[in-house]
Every structure is written in C-alpha cells, then in structure tokens.
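Following: one structure in structure tokens, then a few remarks.
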Amino acid sequence: MVEEKITDLLEEKFREDAFSECFLVDLKLHANNKLEVFVDSDFGITFETCQKLSRYLEQYLDEEKWLGERYTLEVSSPGVGRPLKLLRQYPNNVGRKLEVKLTDGEKRSGILKEVQESGIVLEEKVRVKDGKRNKTEIAEIEIAFGSIAEARVKVTF
C-alpha cells in the first residue's frame, strides 16, 4: 500500500538530525493520483523543510512508480483550519483560540493556556448572574484528551 510506504520513508527521514523535530500529521491519496502529505514540527514547519521532504519523496515515487508515471505530490503543513490530529500539535498552539468538540457533542471555545500530560486547559469567557445583571468572567477549564472528538485552531482578527 502506497500510504504505508510513504509513512515508512518519512519515519526514516525523521530519524536524521535535520528532520528530528518533524512528524507526519496526515496522508491522503486521492483517486486522481494526487498525494497530500501533511507534516509538522515541534517548532513549526518551514517552506524549505516541506520542499526538501517533497524532493525526498519524489525520488522514490519516480523510481518505484508507486503512483504511476503521472502524479501530483503536495507536502505542506496542516494549516490553521485543519483539526489537530496529534497530541504533539497542541504545544505549538498555546495562546491561540481553539474550538473543541467533545465526545459527548458539547462544544467549548477559548484560549489554549496549557498542555498537560492528560489534557489541555482552555481559558473561556463565561456569563454569570450578578444580581439582576449578567457579567463575564474568565474560567479555566481542563479537558482530558480522551474527551476531545475534534479540536481546531480558530483565526481571530
């Protein structure tokens, strides 16, 4: 299977010192021989790193013909709108606004304050009654990784 071969090649490449902080986030092979590879790094991924990984994979795709003569290969970072798939992605997003869908269907939204071994801490604005009026307070909510169905970084302007 092509996906497994690509994963193995990348894992081998990530053992090199220059790529040791890199990791595979996702891999998608489309019917039209388009292969999308999403990689990230513990310190953020650069265009140059994606370019080097693309050239590395192209050597094997061209030589082994795993996708035939004609194919499209895209190696990129997951991008802000894509869900966080790996626990390893969360630390790079501390300080950003997250929208989290929990396994019970509930949605939470707030600033990612901390990443712990067992989960995350979100800083949320909550409305509370103060006599006859409502006021906004800041609350820190701990969410276990096992309770997260999906988490996305939200871009705010």
Side-chain angles (χ1 to χ4, degrees), residues 1-124 141 143-157:
M1 198 166 170
V2 175
E3 292 96 327
E4 290 173 10
K5 292 176 183 177
I6 297 296
T7 300
D8 290 344
L9 283 174
L10 287 171
E11 286 175 3
E12 183 179 320
K13 189 71 170 171
F14 296 157
R15 287 189 202 104
E16 295 178 15
D17 286 344
F19 296 92
S20 63
E21 288 92 20
C22 297
F23 55 92
L24 178 64
V25 175
D26 201 6
L27 189 72
K28 292 189 181 198
L29 179 59
H30 301 276
N32 58 353
N33 278 354
K34 179 180 178 181
L35 179 63
E36 291 180 299
V37 179
F38 298 100
V39 292
D40 207 345
S41 164
D42 293 326
F43 304 106
I45 196 89
T46 64
F47 173 77
E48 290 79 20
T49 301
C50 289
Q51 196 174 35
K52 288 175 185 175
L53 290 171
S54 178
R55 288 186 181 136
Y56 168 74
L57 293 175
E58 283 172 357
Q59 289 176 320
Y60 289 92
L61 292 172
D62 290 344
E63 189 176 303
E64 302 295 330
K65 306 284 188 239
W66 291 334
L67 296 176
E69 290 291 327
R70 302 191 67 165
Y71 65 88
T72 304
L73 173 64
E74 290 180 10
V75 177
S76 67
S77 67
V80 174
R82 297 185 63 82
L84 302 179
K85 290 193 161 231
L86 305 172
L87 303 182
R88 198 169 172 181
Q89 291 177 279
Y90 284 84
N92 282 346
N93 291 293
V94 170
R96 291 187 169 154
K97 184 174 184 175
L98 284 191
E99 188 171 277
V100 180
K101 188 190 304 180
L102 303 176
T103 53
D104 66 5
E106 182 183 359
K107 288 186 180 179
R108 306 303 291 250
S109 182
I111 304 297
L112 179 60
K113 295 305 282 181
E114 189 179 339
V115 180
Q116 302 170 340
E117 212 172 285
S118 60
I120 61 173
V121 176
L122 269 190
E123 181 182 273
E124 289 185 319
I141 312 298
I143 303 172
F145 285 121
S147 299
I148 299 174
E150 182 179 273
R152 290 180 186 264
V153 175
K154 288 305 204 184
V155 180
T156 54
F157 297 97

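The residues of the chain are indexed from 1 along the displayed sequence.
Around the CD atom of Glu69, the shell of radius 6.0 Å holds no more than 12 heavy atoms that belong to other residues, nucleotides or ligands. By the 6.0 Å contact criterion, NZ on Lys13 is enclosed, its count of non-hydrogen atoms from other residues, nucleotides or ligands being greater than 12. By the neighbour-count criterion of 12 heavy atoms within 6.0 Å, atom NZ of Lys107 is sparsely surrounded, having that number or fewer from other residues, nucleotides or ligands.
Contact annotation: the side chain of Leu122 approaches that of Arg108 to within less than 4.5 Å [non-hydrogen atoms, C-beta and beyond]. Between Leu29 and Ile6, the closest side-chain pair of non-hydrogen atoms is not below 4.5 Å. Counting heavy atoms from C-beta outward, Val37 and Leu73 have side chains that approach closer than 4.5 Å. Under the 4.5 Å side-chain criterion, counting only non-hydrogen atoms from C-beta, Glu36 is not in contact with Ser76. Side chains of Phe23 and Val39 form no contact here, defined as non-hydrogen atoms less than 4.5 Å apart. Two residues are said to be in side-chain contact when any heavy atoms from C-beta on lie closer than 4.5 Å; Glu74 and Phe38 fail this criterion. Residues Leu84 and Ile148 form no side-chain contact, since every pair of their non-hydrogen atoms from C-beta on lies 4.5 Å or further apart.
Listed for the Glu4 side chain is no donor-acceptor partner under 3.5 Å among the backbone atoms of Met1. Looking only at distances, no side-chain donor or acceptor of Lys34 sits under 3.5 Å from a matching main-chain atom of Ala31. With hydrogens and angles ignored, the 3.5 Å screen pairs a side-chain donor or acceptor of Tyr56 with a backbone N or O of Leu9. Although no hydrogens or angles enter the test, the distance criterion places no donor-acceptor pair under 3.5 Å between the side chain of Ser54 and the main chain of Cys50.
When the options Thr7, Asn33, Leu27, Leu67 are evaluated for a side-chain contact (heavy atoms from CB on, under 4.5 Å) with Val2, the one that passes is Leu67.
The distance from atom NZ of Lys52 to atom CD of Glu16, rounded to the nearest 0.5 Å, is 10.5 Å. Atom CZ of Arg82 and atom CG of Asp26 lie 5.5 Å apart (nearest 0.5 Å).
The existence of a salt bridge linking Lys97 and Glu99 is excluded, since no basic side-chain nitrogen approaches an acidic carboxylate oxygen closer than 4.0 Å.
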Task: Worked verdict on Glu3 versus Lys5 for salt bridge (Lys or Arg N to Asp or Glu O under 4.0 Å) - done: CA-CA 5 Å; Glu3 292 96 327; Lys5 292 176 183 177; over 6 Å; no

